[in-house]
Peer 1: 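Dropping the structure in here first, questions after.
The model shown is predicted, which means the values in this text are computed figures rather than measured ones. Below, chains carry the letters A, B, ... as their sequence lines are ordered, and counting in each starts from 1.
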Protein chains: 2
Amino acid sequence: MGKITMADVAKKAGVSKSTVSQFLNKRYEYMREDTRKRIEAAIEELHYQPNYLARSLKQKRTSTVGIIVANIMHRFSTEVSRSIEDFFNKHDIHTIVCNADNDPEKEKKYIEMLRAKQVDGLIIFPTGENFDLYKRMMKEGYPIVFMDRKVPDLIAPSVVSNNIEATKTTIEHFMENGHKQIAIATEPLTISTRVERQEGYKKALQDNGIEIRQPFMISANIKKIKKELEELFALDDPPSAILAGNDLVFLEVLEFAKEHKLKVGKDFALAVFDNIPFAHLVHPPVTTIAQPSYHMGEKASELLLKQINKEEIENHELTFPCELIIRDSSKELNNNTVI
Amino acid sequence: MGKITMADVAKKAGVSKSTVSQFLNKRYEYMREDTRKRIEAAIEELHYQPNYLARSLKQKRTSTVGIIVANIMHRFSTEVSRSIEDFFNKHDIHTIVCNADNDPEKEKKYIEMLRAKQVDGLIIFPTGENFDLYKRMMKEGYPIVFMDRKVPDLIAPSVVSNNIEATKTTIEHFMENGHKQIAIATEPLTISTRVERQEGYKKALQDNGIEIRQPFMISANIKKIKKELEELFALDDPPSAILAGNDLVFLEVLEFAKEHKLKVGKDFALAVFDNIPFAHLVHPPVTTIAQPSYHMGEKASELLLKQINKEEIENHELTFPCELIIRDSSKELNNNTVI
DNA sequence: TACTTTTACTATACCGGTTTAGTAAATCGG
DNA sequence: CCGATTTACTAAACCGGTATAGTAAAAGTA
């Protein structure tokens, strides 16, 4: 026998498909004890597994949501995805994660794929490049929540970090530890997160009467970060402190330091925007700006679920504060440190 | 208007559903140029997106495969998943990744969920506990490939590392660098991978005439690893070298070292079974046993695809060699090192 | 006893595609 | 010019569930 269907179970139990369906949906009120038992036995014996496709087709919902992350290699993305999965798990909703790889084309493809699969809603870390598509989905009333990045000129449910504040605090922390030559390195300024981090950097300098200098603001493709750092450190007055704009940039900074035999904490101070799982285990321990990924994922899920359930949602942009976790890498320079 | 269906497109283009379906499946042979254009225009204008559920229901395939990883926190799992996704992407097959969290119940739930969603096949990092379920799937001829771990007494397509060999080589590398007191720490011996790594360890000692001592073989829950290490290092003759059985154990060893002010490379030598993305960036750089995750993912995908396409598959258990990447952490002890 | 209500079901339409068999009109061969 | 073939479609069954309307038998009620 091929694939077991509900008809097979019905036949075996001597009832109609309808009754089996009622049973599966736990509506036992209108069937006798022995009928229920017979269906139960038939299902057990045949190892029957219902076909969700058929059910979803009829019910017009799949109890599945999609997550489109911009780049799965970021720790933050993984943490948020995990949190979203945990949330929806509790509500018996499945989650599909896709990785757009920072590519707008891929993002579009995945959005279309997931919608074709009829997922009930989407949480997107947007590349920002598919404006018309985002807008159309919103107009259709399709449940959607943006995560991590804001889409310019689009009013939409979104969950973001207060990048400006957090960066400013970190730069000022550098200053309090005697640093004046402070640099920031991010990936290209194509998304709000990076722009805001640079903004926070500039604000900190301005507020503290320090001149803003272009060479101290690196924003380059991840592959070119090391080259830019080389130029930066070749200056007459190289920086004494660097803020790495995310975890991937951080690894580049470490690699650069290694290649040029520069020591973190001795030759320059370092902090990272993002959680680094081993930050506390290296020497010197690394100062990080931790985003509340778990809460952000939870809140985004909540906003999405409300939309799916056709509830009104109140707030349109939720900003979460980050936590600056100060460790040795960002303090005054000394001779005691190696990464 | 609610959701656009094929019927809407057909009406707008003045043709039947059948013709629209032909169009979507690129069977243009039997329709006129202008008909094709009209359908094209109608689709464009209505922003029609086909419903994959309906299609899959009829076609009895979803062009989707599932991956069930034992623990998504392992770098190896991520790398393999990525590789599988890449492979299937090329074949226009979607991938859904689920995390069983090392929990057999969760594993079962996910297997059933994915099969209910009618995925065309599964790649599983098995917990090993759902033997009957694995067996039934195989008997049904359901496409399945096991990854990373062997299931005892089950002959099934699987892709694994040569754990015994790789571990033996590493332990012997320790010996060549003068180490005699060598320990190994793994998670509990519930799965083949860990058993084999311990086996390789024992074999290396035996072949080199070194006595095997129980306290030098830690296998404990990740939370208890540090405590076990404490006991180990409290011995009269503590180890001078440790092999961490995977990346998570490695982090525990580092944390233990940090708490007890022990320095890697100075107080004990260290190697890890698994790739560590930052291994080369810390001091001392860490010796790793790299599994060919990309190739393993590729091969597993290939085996799965062949089964899906009803092709015969030749080999039933594919073992991949690992690469020992020797860095400073595993050499003779010296004073020049800090992590 | 006759009528209403409840119980325990069943028959059937439907979801949105695909696919197979069928058909009217145009073209072709002899 | 007529029958055969080709072209360009359409009608309808089907996939495996759900949901709604319907029904026969049993129980309750006046």
Peer 1: Once hydrogens and angles are ignored, does a donor-acceptor distance under 3.5 Å link the base of D:dC14 to the side chain of B:Lys58?
Peer 2: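 Between D:dC14 and B:Lys58, which were checked side chain against base, a qualifying N/O pair under 3.5 Å is present.
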Peer 1: With distance as the sole criterion, is a donor-acceptor pair present between the side chains of A:Lys106 and B:Asn89 under 3.5 Å?
Peer 2: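 Note: A:Lys106 and B:Asn89 side chains miss the donor-acceptor criterion.
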Peer 1: Find the distance B:Leu53:CG to D:dC15:C1' and express it as a whole number of Å.
Peer 2: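 From B:Leu53 CG to D:dC15 C1': 12 Å.
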Peer 1: For B:Asn51 and C:dC15, is the shortest distance between a side-chain N/O and OP1 or OP2 below 4.0 Å?
Peer 2: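 So the side-chain polar atoms of B:Asn51 never come under 4.0 Å of the phosphate oxygens OP1 or OP2 of C:dC15.
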Peer 1: Looking at every strand, decide which applies to B:Arg27 at a 4.0 Å heavy-atom threshold: base, sugar-phosphate, or nothing.
Peer 2: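 Result for B:Arg27 = sugar-phosphate.
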Peer 1: Quick one: label A:Tyr48 by what it contacts on the DNA or RNA (base, sugar-phosphate, nothing), any heavy atom closer than 4.0 Å.
Peer 2: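 Answer is sugar-phosphate: A:Tyr48 comes under 4.0 Å of backbone atoms only.
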Peer 1: Show me the donor-acceptor pairs within less than 3.5 Å that the side chains of residues 134-141 of chain A make with the rest of the protein, sequence neighbours left out.
Peer 2:
from	atom 1	to	atom 2	distance (Å)
A:Tyr134	OH	A:Glu107	OE1	2.7
A:Tyr134	OH	A:Glu107	OE2	3.3
A:Tyr134	OH	A:Gly128	N	2.9
A:Glu140	OE1	A:Arg115	NH1	3.2
A:Glu140	OE1	A:Arg115	NH2	3.0

Peer 1: What is the distance from CD1 of B:Ile4 to C1' of C:dG17, rounded to the nearest Å?
Peer 2: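 Spelled out: CD1 on B:Ile4 to C1' on C:dG17 is 15 Å.
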Peer 1: Going by distance alone, is a donor N or O of one side chain under 3.5 Å from an acceptor N or O of the other, for B:Asn99 and B:Tyr110?
Peer 2: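 No pair is found: no donor N or O on one side chain lies under 3.5 Å from an acceptor on the other.
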Peer 1: Can you find a side-chain donor-acceptor pair between B:Glu298 and B:Ser83 that sits under 3.5 Å?
Peer 2: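 The criterion, which ignores hydrogens and geometry beyond distance, is not satisfied for B:Ser83 and B:Glu298.
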Peer 1: Are any protein N/O atoms closer than 3.5 Å to N/O atoms in nucleotides 6-8 of chain D? If there are, list each pair with its distance.
Peer 2:
none

Peer 1: Would you list the pairs meeting ring-ring contact (aromatic ring centres under 6.0 Å, His included) in which at least one residue belongs to residues 50-76 of chain B, sequence neighbours left out?
Peer 2: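 Not a single pair qualifies under ring-ring contact (aromatic ring centres under 6.0 Å, His included).
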Peer 1: In whole angstrom, what separates A:Gln49's CD from D:dG17's C1'?
Peer 2: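 Spelled out: CD on A:Gln49 to C1' on D:dG17 is 14 Å.
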Peer 1: For the pair made of CZ in A:Arg61 and C1' in C:dC15, what is the distance, rounded to whole Å?
Peer 2: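 Those two atoms, CZ and C1', are 13 Å apart.
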Peer 1: Round to a whole Å and report the spacing from CG of B:Leu57 to C1' of D:dA13.
Peer 2: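 After rounding, the reported distance stands at 13 Å.
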Peer 1: So how far off straight is the helix from C:dT1-D:dA30 to C:dG30-D:dC1, going by the axes through five pairs at either end, to 10°?
Peer 2: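 Inter-axis angle at the ends, rounded: 50°.
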Peer 1: Measure the distance from CE on A:Met6 to P on C:dC14 and round it to the nearest whole Å.
Peer 2: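 It is 18 Å, rounded to the nearest whole Å.
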Peer 1: Starting at CD1 of A:Ile39 and ending at C1' of C:dT10, how long is that distance when rounded to a whole Å?
Peer 2: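 So the CD1-C1' distance, A:Ile39 to C:dT10, works out to 12 Å.
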Peer 1: In whole Å, I'd like the distance from the CD atom of B:Gln59 to the P atom of D:dA13.
Peer 2: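 About 20 Å, once rounded to whole Å.
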Peer 1: Is there a donor-acceptor contact under 3.5 Å linking the side chains of A:Asn51 and B:Lys60?
Peer 2: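 No, B:Lys60 and A:Asn51 have no side-chain donor paired with an acceptor closer than 3.5 Å.
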Peer 1: Considering only NZ, NE, NH1 and NH2 on the basic side and carboxylate oxygens on the acidic side, decide whether B:Arg75 and B:Glu79 come within less than 4.0 Å.
Peer 2: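 So B:Arg75 pairs with B:Glu79 through a salt bridge.
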Peer 1: Sequence neighbours excluded, which residues qualify as side-chain hydrogen bond (donor to acceptor under 3.5 Å, both in side chains) partners of A:Asp120?
Peer 2: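 Checked A:Asp120 against side-chain hydrogen bond (donor to acceptor under 3.5 Å, both in side chains); matches are A:Thr62.
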Peer 1: Salt bridge check, B:Glu85 against B:Arg82: does any charged N sit closer than 4.0 Å to a carboxylate O?
Peer 2: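 No, no charged N to carboxylate O under 4.0 Å.
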Peer 1: Give the residues of residues 15-23 of chain A touching DNA chain C, defined as any heavy atom closer than 4.0 Å, sorted by residue number.
Peer 2: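 A:Val15, A:Ser16, A:Ser18, A:Thr19, in order of number.
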Peer 1: For A:Lys117 and B:Thr64, does a side-chain donor sit closer than 3.5 Å to a side-chain acceptor?
Peer 2: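 Yes, B:Thr64 and A:Lys117 have a side-chain donor paired with an acceptor closer than 3.5 Å.
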Peer 1: Between B:Asp8 and B:Lys12, does at least one N-O distance fall below 4.0 Å, as a salt bridge requires?
Peer 2: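 No, no charged N to carboxylate O under 4.0 Å.
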Peer 1: Would you mind checking if A:Glu40 and A:Lys37 are paired as a salt bridge, meaning a charged N to carboxylate O distance below 4.0 Å?
Peer 2: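 Not counted as a salt bridge, because no side-chain N and carboxylate O are separated by less than 4.0 Å.
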